Amino acid sequence: MATAMGVSRAVVREAVAALRADGLVITRQGAGAFVATEMGRRPFRLAVEGLPSVREGIEVEAAGLAAVRSSPAAKREIRRALAAIDAAIERGESAVDEDFAFHRAIAAATNNLQFWWFLDYLGRFIIPRQSIRAAAHQGEGQRAYLEMIQREHRAISAAIDTGAAAVARRAMRRHLANSQARYRRLAENEVQGTNEVQGTPEAREAR
């Protein structure tokens, strides 16, 4: 499909994930994706503009519940996810998948599958790739940017590990608020940089 459409496999995966979220296709491990035969119910949708506040409400509460409900095995899974992010950073990668796995491990640790299913519905786009790409081309660099985020992850994990629900909620709320602020700052800088390039004589001559 990627070859036929002239796109990357990542684009195909994102498209299939979107269709799956809409209930239009089903996926079977080891078999592939298939058109859903029962599409009677209208798929659940979230408006993009309301996503940050909805996500905050869900993930902040998930962190608190994970602190008081998580089993030793669930806490180990959170720590493993945290270590996987460190390893990805060391390899010079964006750690998008590992970051998402960390958030899903917290959701799973609530012992309420609805939290996990909600994050699975949202998909990996809750970790903005464009922020990471933009950071790679700015002064702080991708590694410094990801290590800053990882410090916030560690604070969340430590609070859950010690059973401090209120601290875990605060740490998650701070992390999500900082993520939104970082995204806005990088987006503004990227727009400003684009405008500056377009204003150069070379850019004007190329139009």
Side-chain angles (χ1 to χ4, degrees), residues 10 13-14 16-18 20-21 26-30 44 46 51-132 135 142-183:
R13 283 196 297 268
E14 294 292 341
V16 171
R20 182 165 60 89
I26 58 174
T27 56
R28 297 172 187 161
Q29 188 172 2
F44 174 70
L46 280 173
L51 181 58
S53 59
V54 172
R55 180 193 173 192
E56 179 178 339
I58 295 294
E59 289 216 69
V60 167
E61 184 58 23
L65 288 175
V68 296
R69 293 183 180 178
S70 58
S71 65
K75 290 178 179 178
R76 285 195 298 272
E77 191 60 35
I78 293 172
R79 290 194 296 270
R80 274 196 292 268
L82 195 66
I85 298 175
D86 282 329
I89 293 173
E90 285 297 322
R91 294 192 299 268
E93 298 172 357
S94 64
V96 170
D97 291 335
E98 291 82 2
D99 194 322
F100 185 44
F102 173 75
H103 285 268
R104 289 211 298 180
I106 293 172
T110 65
N111 283 322
N112 183 334
L113 275 177
Q114 299 305 316
F115 286 94
W116 191 94
W117 283 118
F118 181 77
L119 283 191
D120 190 58
Y121 165 77
L122 292 182
R124 294 181 304 163
F125 69 81
I126 66 172
I127 314 297
R129 292 170 174 79
Q130 58 266 43
S131 293
I132 297 170
Q142 175 175 295
R143 185 184 180 105
Y145 179 84
L146 293 175
E147 287 178 343
M148 177 170 53
I149 294 172
Q150 188 68 333
R151 285 193 292 272
E152 296 171 6
H153 287 159
R154 291 192 187 96
I156 297 167
S157 178
I160 292 173
D161 215 33
T162 58
V167 178
R169 289 188 179 96
R170 284 197 300 271
M172 180 64 81
R173 184 176 290 108
R174 187 182 308 114
H175 170 56
L176 297 178
N178 288 345
S179 294
Q180 284 296 309
R182 283 189 290 264
Y183 175 79

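Everything numeric here is computed off the predicted structure, so don't read it as measured data.
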**Request:** Please name the pair of heavy atoms, one in S157 and one in R79, separated by the smallest distance, quoted to 0.1 Å.
**Result:** OG-CG, 4.2 Å
**Message:** What's the separation between atom CD1 in I156 and atom CG in D161, rounded to the nearest 0.5 Å?
**Reply:** 13.0 Å
**Asked** Is there side-chain contact between M148 and R182, with heavy atoms separated by less than 4.5 Å?
**Response** yes
Let me have the donor-acceptor pairs involving side chains of residues 163-174, under 3.5 Å, with sequence neighbours excluded, atom names and distances please.
| residue | atom | partner | partner atom | Å |
| --- | --- | --- | --- | --- |
| R169 | NE | E61 | OE1 | 3.3 |
| R169 | NH2 | E61 | OE2 | 3.3 |

**Request:** Just jot down the side chain to side chain donor-acceptor pair (under 3.5 Å) partners of N112, sequence neighbours excluded, or say none.
**Result:** none
**Fill in**
NE2 (H153) and CG (L146) are apart, to the nearest 0.5 Å, by 9.5 Å
**Complete:** Distance col, row D99:CG vs S94:OG, nearest 0.5 angstrom, shows 9.5 Å
**Step-by-step side chain to side chain contact (heavy atoms under 4.5 Å, CB included) determination, I106 to E59** = CA-CA 8 Å; I106 293 172; E59 289 216 69; 5.9 Å; no
**Complete:** So CG of L119 and CZ of R104: to nearest 0.5 Å the spacing works out to 8.0 Å
**Prompt:** With a 4.5 Å limit on heavy-atom distance, are the side chains of Q150 and D86 in contact?
**Reply:** yes
**Request:** Verify side chain to side chain contact (heavy atoms under 4.5 Å, CB included) between I89 and E98, making sure each step is shown before the conclusion.
**Result:** CA-CA 10 Å; I89 293 173; E98 291 82 2; over 6 Å; no
**Prompt:** Rounded to the nearest 0.5 Å, what separation is found between the CD1 atom of I58 and the CZ atom of F118?
**Reply:** 5.0 Å
**Request:** Identify, with sequence neighbours excluded, every residue that meets side-chain contact (heavy atoms from CB on, under 4.5 Å) alongside E77.
**Result:** R80, A105
**Request:** Return the orientation label for the H175 and H103 ring planes: parallel under 30°, perpendicular over 60°, tilted otherwise.
**Result:** parallel
**Asked** Between S70 (side chain) and A67 (backbone), is there a donor-acceptor pair under 3.5 Å?
**Response** no
**Message:** Ignoring hydrogens, what is the shortest heavy-atom contact between T110 and A62? Give both atom names and the distance.
**Reply:** CG2-O, 3.3 Å
